[in-house]
Amino acid sequence: MKGNDVILRTVSRIVVFIILTFGVELFLSGHNNPGGGFIGGLVLSSALVLLYVVFDIETVHQGVPLDFKKVAAFGAMLAVLSGTAAAVLGHPFLSQGFGYFDLPIFGVTELTTVTIFEAGVALTVIGTVETIILSISKDV
Amino acid sequence: MNADTIVEYTAAILMVTGGLMSLVSAIGLIRLPDVYTRSHAATKSSTLAVLLTLLGGFLYFWALERFISVRLLLGILFVFLTAPVAGHVIIRAAHRSGVKLADISKKDELAEAKERLMEEQNLERLNREKKNDSGV
Amino acid sequence: MLVVLGVFFPFAAAGLIPLLYRLIPNRRIGWFVMAVPLVLFAGLLSIVPGIAAGKTANVTVPWIPDAGIDLAFHIDGLSMIFGLLITGVGSLVVLYSIHYLSERESLGHFYAYLLLFMGAMLGVVFSDNLMVLYAFWELTSISSFLLIAFWYHRKGSRYGARKSMLITVFGGIGMLAGFLMLYSMTGTFSIRETITLAPELSEQPLYLAAMILVMLGAFTKSAQFPFHIWLPDAMEAPTPVSAYLHSATMVKAGIYLIARFTPIFGGESTWFWTVSLIGIVTLLWGSFNAVKQNDLKALLAYSTISQLGLIMSLLGFGSAALAAGTDAEQVLLAQAGFAALFYMVNHSTFKGLLFMIVGIVDHELGTRDIRRLGGLMALMPVSFTLAVIGSFSMAGLPPFNGFLGKEMFFQAAVTVSSGNPFTADGAALLFPVVGWIASVFTFIYCMIIVYRTFLGPRQPEKVDRLPHEAPKGMLVSPAVLALFVVGIFFFPNLAGKYLIGPAMPAVFPTLAGKPGLVPHIQAWHGFNTPLLMTIGVIAAGIILFVTFRHWRLIYRFPPFRWNLDTVYRGLIGGMETGSTLITKRYMSGNLRDYFVYIYVFFLAAAGGSLFLKGAFKPDFRMETIAVYEVTFVLIMTFAALAMPFVKSRITATLLNGVLGYSIAIFFIFFRAPDLALTQTVIETVTTVLFLLCFHFLPDWKPERAPARTKIINGLIALGAGAVVTGFALTVKGYVVFDSISGYFEDSYTLAGGKNIVNAILGDFRAFDTMLEVVVLFIAGIGVYTLIVLKAKKGGGDIEGK
Amino acid sequence: MVNTLMLIALILFSFTIVIAVYRIIRGPSKPDRVIALDMIGVNLLASIAVVSCLLETKAFMEVILILGILSFIGTIAFSKYIERGVIVERRHNR
Amino acid sequence: MEVHMIILTGVLVTVAVYLLLSRNMIRMILGTAVLSHAVHLLLITMGGAAEGHVPLLGESDGPYVDALPQALILTAIVISFATTAFLLVLAYRTYEETGTDDLNYLRRVRRE
Amino acid sequence: MNNILVLPMVIPLLTGFVLFFLRPSVRAQKLVASLSILSLIAVSVRMLLKIRDAGILRLDFGGWKPPFGILFVGDSFAALLVLTTSIVSGLILFYAFAATERRHENMFFYPFSFFLVAGVNGSLLTGDLFNLFVCFEVMLLASYVLVTLGGGKSQLAESMKYVAINVVASWFFLVALAFLYGTIGTLNMAHISVRVAEAGQGPLLSAIAVIFLIVFALKAGLLLYFWLPGSYSSPPAPVAALFAALLTKVGVYAMFRVFTLIFYHDSSITHGLIGAMAVLTLAGGSLGAVAYKDIRVIASYNVVIAVGFMMLGLAVFNEAAFRGSVYYLIHDMVIKALLFLAVGSMILLTGESRIDRMSGLIRNYPLLGWLFFITMLSLAGIPPFSGFIGKVYTGLGAVEGGNYWLLLAGFLSSLFVLYSLLRIFMNCFWGETTITREEQRPLNKKKLIPLSLLGALTLAIGVGTQVLAPFVADAAHVLANPEIYIEAVLGEVQPDE
């Protein structure tokens, strides 16, 4: 008997889009509002989880052809490297810098190196959560 | 009593209404006989309760700081969008996993529909087989 | 005086032996080995006159100066005696072994061990540093272990080696503790400095403990009662080893130690009584047991034990000199110490000789069982002669050095019984009487050696080889020793003046230079008590030897039947079975038991220190209380309490989810939006994970634990909850310090973030976050490997590539 | 007065949650429980909205949205588990 | 710091420990999950009373609640998620290999 | 600013990631791993020398002054252990190069080993109590993966217990941290120490200290060692060696750190409770070591005994005893690695793990036999091997402190160590040979070299103790005088004013 998932799938497509947008927003606004790398990453990965639940691994993989293990490794490495960069530049390990720049379109914007660190965190979270879920699921 | 206070009161009353709705659905959750009927209580009235409350919250913040919370609106939209789907999916799962209807139910239309579908499919298959036979 | 550094010569040689053995893989390697002790012997001889004149040789090489441990070596008269014995007997033993060992044996190993031992032994007697002394002391145990187990494929060898190792290392560890106590009293590891500080030590509280521990080391090494049991089993070693280690050198290390520490501990009644009594008991027990042995080597082992006891008791007698009142008394008692050293030298000569003869018999006949021997006199005349010399000397008959020694022993026993500073009523006659009885037994077993082996009827049917005289090379060493046995009898004062005499100031420093400290030894000293005693020994000995088969039966009755070996076996066996029983009882392998241990310990230790030590001061003040908070508390309590009782795992997981979501709302109440966000997402993902894994796991079965277990579990759980609550309530009331977090409220100026929590995570405590990411990553990849990498089917637990 | 009303609303929501927890424990069927969980999620969401009004802070808006999202995902996952026993399929070919 | 929260923590610990002591693997793992809930609650309770504003500088002028425990709990939550995930998968792999989810039987797996 | 302090942690971390990406090429993995280990050793030596010249080093992460930020503090104690960790883990890895199955190598065996080392080094260097928790978790997670890696039935069953117990241990850690934060309100160890001293270590703080004691006791295997023999005896030799050499030592280190720096005011805990636990551990370990016939289990119980012995130093609580424990820690890391690798090699060669099923191995593998002999002597504390000096100082400390029962227990336990290993040596290496030359499996040089190097190391430490002596003396001095550490950390800031 073939499952009739039309409603679910249609709604999910919209919902996933909302979640993804929201996740990115959380990630970016984390410095001044609730959110940040962890939460952003978690929300993004929960969007992916929804996709996996509603669709299936192979379908999703066609859309998102990523090796999540490597994503996780890359993220974690990025986090460590962002700290190392400061050390190479002669600051204490993990020193972060921030400043205000007047950018053409965005106006006065605050840019911080924490964002790179946070990106690493987010990537690790996404990569890890998906790796775990996929590893278990593929073992069916 | 200025406009803001009125809005605040409206918001609070919306919330209390939401709370009452949700209590009603909770009573439904206890009292109704089977999962299918309970799901009505849980999904429909509960969704309404939440919507009322969120609306109340939205109004309240608007009255308080003239703040239009996009997230709250998004939340309302989201609940509106997902609650019926969730209800649908879970009930379908219930039916497919063979949860019994309450004894007082008169008719299981979905089951009948499924049976009909099965019969039609069988019929079709038989026809096809017949055609194949005749073709040979 | 570089001869001191000769200590390292044997080690260097031992290191070279394996290489040399590649070049010369036969018995000729022995000649090279023999060069080592010979050179050292010559070197030591060359400084004998200097030592006799009262000089000493010192060399100090820093090792661990920070710890006060230096390779400090010091040769005085006492060390010199031992040094000469070690190198002298060592040379003869190597010479003997060249002919004794077959070329099929792994000679490289043998000689390496032997040299190792030699170096270690020299180190023991030359060291001036307690720790270095200990190091060499243990090294003698180890090399002796290796030598005893030279034929390690034999079970008996392994057994004997293990026994000797365990007992001597046990004593060694005790000795180490004693040394450490000495250090804590004196602040130095140097023996000489300790001796100079000796007078101040006796009031220290640790003095007695240190003394007993040092004695423990000496007694185990010198096979004193009740630690003698390892020596007979050590006879599994090749005979040269027995001749060297277990008669002339290693067992004498204990004697050396006692002599060396006499200046520190002597003059104390505990020291006097313990050393003398242990010595005399060992003397009696050893000689008594020697008589019943059938194996010649075992007989010699017991005889060694007994004579070590004799020397030990003499040292004990001598130590009383340091407490005696008048000069005359002091000198008189100190002569016991002189006798000890003199007897020790004699013992090395005749016992080494006897071991070598037994080795020859073993070598020629393939057996050392006296029940299968007899009448070898005609076939092996030279060996017979040598055996007679050795045995008679041991029995204390003239004209051999044993006679002199025995006379001096009797004299000392009589002296000490007639007057010593520690006289105890009733015990006055103890030493001479026991000594006399033991001498009778000594006489008997000496006769047994001679008669049962060489005289009496031949029993060719019990031996499968036709015996003949040993090769000349094998006879050289015993012959040289025999020469000493006779030579010392005729020129005892030569040894007394150059060898023993210089050692006396080392043992009795306070008496140094007193006239008569080094007595003039005379073979004939008139009809006095010792001579009468000797005559008595001979008479009684002959009677008992002749009637031996009639009274032999007494060995079947307790207490004569008793064997301390049983105690050792019982200890070891009991330890093995007992430990297995105990360990397997609590190491059940059951996770629940382990959790029970942990939580019970938590209840006892943490709960105990909270509730029993008055720390528990609960603070029940409510700052703010809201009805809805209480409702949520109730919700969580409700959900939590239901968890252990629900019947399906889905329900339990759902309840866990309820708990998680409710925690999120508590985070809201505590104004922690970031936490609430994280908590909800994590909770959902965890729930999804549970569901994913449920696919592979069977559904719950009801818990089938007995009611008692459930009650215990419940009580432990309640206890844990109560302790945590108690702690938290107490902590709540403990308001002493402000948190440091006020600093973080400047996060915008400091780190450019308005979200303080995020600023902490990303900046102030970014390191935590970084590592947390690493943790997450490891877990993720770990899950992946766990699932993908499965054990090979049918592959056992044994790894392999 | 406004606050009192809000508190009343909050208490009503928490009562609902209590009842839903009861439903989770009682069952009887799995879908019943999942529905109850869904309901708890939705009511928590509402409670948080009320709480944030009470505390007059906008900091919890994200939580509201997240809770909505997650209770949806959770419900979908549970229903798929009930239906198929497998949540994530390798290939959807049935 | 509220008394009722502390008591709730105690209840959670009790339940969790009871579950831990069970023979079933999943019960045990649920026990660890509840344990971590309890400790997070404990951490935030020990961080001080909920008097103050949300630690967002833009929201209000303070005083703020103690933000440090929040950061710590966040770390702790993620770590306990990581371990729980690993433990779960380990449980399922152990079941796959040994064929039992009863911890009591696991001891017999030893080859001694 | 001393960024060198973070290198012992960052180098292995980054190496781990690089190795992760180098998964397809085992050869490249080995090359990078070797280079990384060498640089790690170089950095550790450099750090140690820098500490000698400049005193205690401090690195404030992100430049945030203590007590607000996280910091690494390098004193001689930590640096010595970091150096030992680097060397020992390097040698174990070299052994692993030859002994690890290809499929394990493909499944990130090396990255996980490096993460383990990173966690260990981080735990040794950190000066922040919560960061210690996080570093522990890095180490533990890596150990969880390693202990399960490719395991069959019994390995998984034992891992299950190992992981579950450690999860509970981590829970206790968090509980203790919660209470400590609730009372003291800070996380920097030096700052905690200042505040504890200021408040006087009352009964409540002592009780909290007991919870910390439980945490570290679980990690170190002090009295609460039930999990240890099973989990250390089931994984492959290199993993078991890494565990035995590093993991429990970190617990011991943490115990020393916390109870000398922070909670040193209540002697009923430091002297009484820890002393009693140490004695019981010694007794239990000794009994266990002679109770079993599986050589891996015997080796595991030896780990327990060593933990008990090291804790004697803390129970005695004087500078001499601290010195003894520092020496013994260094010694034990080296020798446990050697012991477990040797035992693993024996199993590898014979396919058996029980002493009654092996015999006469020394004829076939003389070098292995003698290495085992050295191991035995060194473990029993016989000079001139590395165990001796630690034993001497511990004993000296016990004598000076008047703790004769501890002295007795400690010295007697070394007899049990000797006995348990003698059993292995005599049964497995001596006796009749059972393996003929033809069916003798080769023990290749790649495995023997790391083993021999470890053997040489234990001899070198014993003979060349003087080289270590100033560092160890400094380490013990800092342990005995916490104000030095506090001054180095908080010297320039006055956090409470």
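The structure displayed is predicted, hence computed values, not measured ones. Chain letters run A, B, ... following the sequence lines, proteins first and then strands; every chain starts at 1.
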Output the distance between atom [atom1] ([X]) and atom [atom2] ([Y]), rounded to the nearest 0.5 Å.
{"X": "B/Tyr60", "Y": "D/Leu54", "atom1": "OH", "atom2": "CG", "result": "7.5 Å"}
{"X": "B/Phe78", "Y": "D/Leu65", "atom1": "CZ", "atom2": "CG", "result": "7.0 Å"}
{"X": "D/Phe60", "Y": "B/Arg71", "atom1": "CZ", "atom2": "CZ", "result": "13.5 Å"}
{"X": "D/Phe13", "Y": "B/Leu20", "atom1": "CZ", "atom2": "CG", "result": "9.0 Å"}
{"X": "D/Thr16", "Y": "B/Leu23", "atom1": "OG1", "atom2": "CG", "result": "5.0 Å"}
{"X": "D/Lys30", "Y": "B/Ile90", "atom1": "NZ", "atom2": "CD1", "result": "11.0 Å"}

Restricting to non-hydrogen atoms, name the atom on [X] and the atom on [Y] that form the minimum distance, rounded to 0.1 Å.
{"X": "B/Thr53", "Y": "D/Ala49", "answer": "CG2-CB, 4.5 Å"}
{"X": "D/Glu56", "Y": "B/Phe61", "answer": "C-CE2, 4.3 Å"}
{"X": "B/Leu29", "Y": "D/Ala20", "answer": "CD2-CA, 4.0 Å"}

Side-chain heavy-atom pair [X], [Y] within 4.5 angstrom cut-off:
{"X": "B/Thr82", "Y": "D/Ile76", "value": "no"}
{"X": "D/Asn43", "Y": "B/Ser46", "value": "yes"}
{"X": "D/Ile35", "Y": "B/Arg38", "value": "no"}
{"X": "B/Met15", "Y": "D/Cys53", "value": "yes"}

Heavy-atom pairs under 4.5 Å with chain B, option from [options] with the top count:
{"options": "D/Pro31, D/Ser14, D/Ala46, D/Ser71", "result": "D/Pro31"}
{"options": "D/Met39, D/Arg23, D/Met61, D/Met6", "result": "D/Arg23"}
{"options": "D/Asp38, D/Ile82, D/Ile64, D/Ile66", "result": "D/Ile82"}

Identify which part of [X] has an atom lying under 4.5 Å from any heavy atom of chain D, answering side chain, backbone, both or neither.
{"X": "B/Ser25", "value": "both"}
{"X": "B/Leu52", "value": "neither"}
{"X": "B/Val79", "value": "side chain"}

Among the options [options], pick out the one with the most heavy-atom pairs lying under 4.5 Å from chain D.
{"options": "B/Ile76, B/Val50, B/Ile13, B/Val85", "result": "B/Val50"}
{"options": "B/Leu51, B/Ile30, B/Leu81", "result": "B/Ile30"}
{"options": "B/Ala83, B/Ala86, B/Gly56, B/Ala49", "result": "B/Ala86"}
{"options": "B/Ala94, B/Ala93, B/Gly87", "result": "B/Ala93"}
{"options": "B/Gly57, B/Ala12, B/Ala11", "result": "B/Ala12"}

* Asked: Is the number of heavy atoms from other residues, nucleotides or ligands under 6.0 Å of D/Phe15 CZ greater than 12?
  -> no

* Asked: With a 4.5 angstrom heavy-atom cut-off, which part of D/Ser52 approaches chain B: side chain, backbone, both or neither?
  -> both

* Structure fact -> Bottom line for D/Ile69: the part with an atom under 4.5 Å from chain B's heavy atoms is both

